[in-house]
Visitor: 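This structure is in structure tokens; I'll ask about it shortly.
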Protein chains: 2
Amino acid sequence: MKSELCLTHILPIRDALDIISGKWKIPILTALCIHKRRFKELHRDVPGITAKMLSKELKDLEINGLVKRTVYETMPVSVEYAVTEYGHTLNPIIFALRDWGLKHRVKILSEDKVEV
Amino acid sequence: MKSELCLTHILPIRDALDIISGKWKIPILTALCIHKRRFKELHRDVPGITAKMLSKELKDLEINGLVKRTVYETMPVSVEYAVTEYGHTLNPIIFALRDWGLKHRVKILSEDKVEV
DNA sequence: CAGTATCCTCTGAGATACTG
DNA sequence: CAGTATCTCAGAGGATACTG
């Protein structure tokens, strides 16, 4: 129970957070996990994101091998984003976050009733 | 598979991220999950954090009911931080992040060998 | 010991307009 | 359609010094 054990827990968590932290990466991956999408569809389905942030975050995700970008030479071009096999290894994190968020919302709502 | 379904996935995730996002909250909770700690012990065991950030993040975590602060009127005072019962509901997220971080590190290291 | 107080930097993120 | 280019700013985060 000393610092070394603590580090073996915290350091991998920091590795993970370095890659997926921020306001948008997990929401984007969540949308893409449901099914692959084109840029504009993502822009529409991830509420509140700007084109600039979406573009930047998709690049980060692609660099880290979590998302694959495919360009179709239609006219005009269409671009499709999909979660890679490696990206799907994040599913347990995504599900855990979603489960907790759902329960948390229920908790907050019930507390509001009591407080007010 | 339309936007509504997407929202039911993304909105709870944003609720969760609003509370635990940032560089320090999950590492702090991880340290406290192993066992409760005093301020200075946390400062030592969460690598790289400053006293200011630790203080701020602990306040946020306390406000959200994830951490409990207990003051002992020793001389000088000692303060103990512990994860609340509600805070422990985050364990699945913490474990998922840690598992993924560990596997990711293995992947990165093996890729480095191939590349170099 | 358990924090505050200052000061500072940097970047995550938004708004708006524009392009191949 | 799928992005870029600017501009802007709040606040996350860090360094250092100080206090009850």
Side-chain angles (χ1 to χ4, degrees), chain A residues 3 10-11 13-32 35-64 66-82, chain B residues 3 10-11 13-32 35-64 66-82:
Chain A
S3 316
I10 291 180
L11 292 187
I13 283 173
R14 292 182 66 163
D15 290 342
L17 290 177
D18 281 348
I19 289 178
I20 61 168
S21 70
K23 186 172 177 179
W24 297 115
K25 291 197 180 66
I26 291 286
I28 290 169
L29 284 169
T30 304
L32 287 178
H35 58 82
K36 57 190 176 184
R37 277 177 173 77
R38 288 162 59 182
F39 188 88
K40 192 175 190 182
E41 296 173 312
L42 269 174
H43 194 187
R44 183 195 61 206
D45 291 341
V46 178
I49 197 167
T50 61
K52 182 187 123 188
M53 284 308 296
L54 182 54
S55 174
K56 174 187 168 292
E57 298 291 72
L58 284 169
K59 272 177 195 155
D60 289 347
L61 292 170
E62 198 189 355
I63 286 170
N64 285 303
L66 302 171
V67 158
K68 178 154 175 50
R69 178 177 186 269
T70 311
V71 180
Y72 294 100
E73 293 299 343
T74 53
M75 193 58 176
V77 293
S78 62
V79 180
E80 194 171 75
Y81 291 93
Chain B
S3 317
I10 291 179
L11 292 186
I13 282 174
R14 293 184 65 165
D15 291 342
L17 290 178
D18 282 346
I19 288 177
I20 61 167
S21 71
K23 186 174 177 179
W24 298 115
K25 291 197 180 65
I26 291 286
I28 291 169
L29 284 168
T30 304
L32 288 178
H35 58 81
K36 57 191 177 185
R37 276 180 174 75
R38 288 163 60 183
F39 188 88
K40 192 172 189 185
E41 296 173 314
L42 269 174
H43 193 187
R44 183 194 60 207
D45 292 340
V46 178
I49 196 166
T50 60
K52 181 186 124 187
M53 286 308 295
L54 182 54
S55 173
K56 174 186 167 293
E57 299 291 70
L58 284 170
K59 271 175 196 157
D60 289 348
L61 293 171
E62 199 190 353
I63 286 170
N64 285 304
L66 301 171
V67 158
K68 176 151 176 49
R69 180 178 186 268
T70 310
V71 180
Y72 295 100
E73 292 299 344
T74 52
M75 192 58 177
V77 293
S78 63
V79 180
E80 195 171 74
Y81 291 93

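Naming: A, B, ... by sequence-line order, numbering from 1 per chain.
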Visitor: Would you say K59(A) places a side-chain N or O within less than 4.0 Å of OP1 or OP2 belonging to dG3(D)?
Guide: no
Visitor: Does the side chain of S55(A) get closer than 4.0 angstrom to OP1 or OP2 of dT4(D) through an N or O atom?
Guide: yes
Visitor: Is the distance from OP1 or OP2 of dG14(C) to the nearest side-chain N or O of K23(A) less than 4.0 Å?
Guide: yes
Visitor: Over all strands shown, is Y81(B) touching base, sugar-phosphate only, or nothing at heavy-atom distances under 4.0 angstrom?
Guide: sugar-phosphate
Visitor: Could you state the atom-to-atom distance from CG of D18(B) to C1' of dA13(C) in whole Å?
Guide: 14 Å
Visitor: Would you mind reading off the distance between M53(B) atom CE and dT6(C) atom C1', rounded to a whole angstrom?
Guide: 16 Å
Visitor: Any ion pair linking E62(B) and R69(B) (charged N to carboxylate O, less than 4.0 Å)?
Guide: no
Visitor: Indicate the atoms forming the closest heavy-atom contact of L61(A) with I28(A), along with that distance.
Guide: CD1-CG2, 4.0 Å
Visitor: If you measure from the Lys or Arg side-chain nitrogens to the Asp or Glu carboxylate oxygens, is any gap between K25(A) and E57(A) under 4.0 Å?
Guide: yes
Visitor: Could you tell me how far apart L54(B) (CG) and dA5(C) (C1') are, to the nearest whole angstrom?
Guide: 17 Å
Visitor: Hey, are R37(A) and Y81(A) close enough side-chain-wise for a donor-acceptor pair under 3.5 Å?
Guide: no
Visitor: Between R38(B) and dA2(C), does any side-chain N or O lie under 4.0 Å from OP1 or OP2?
Guide: yes
Visitor: May I ask you to verify if any side-chain N or O of K40(B) is less than 4.0 angstrom from the OP1 or OP2 atom of dC1(C)?
Guide: yes
Visitor: Hey, does the side chain of R44(A) come within less than 4.0 Å of dC1(D)'s phosphate (OP1/OP2), counting only N and O?
Guide: no
Visitor: Any side-chain N or O of R37(B) below 4.0 angstrom from OP1/OP2 of dC1(C)?
Guide: no
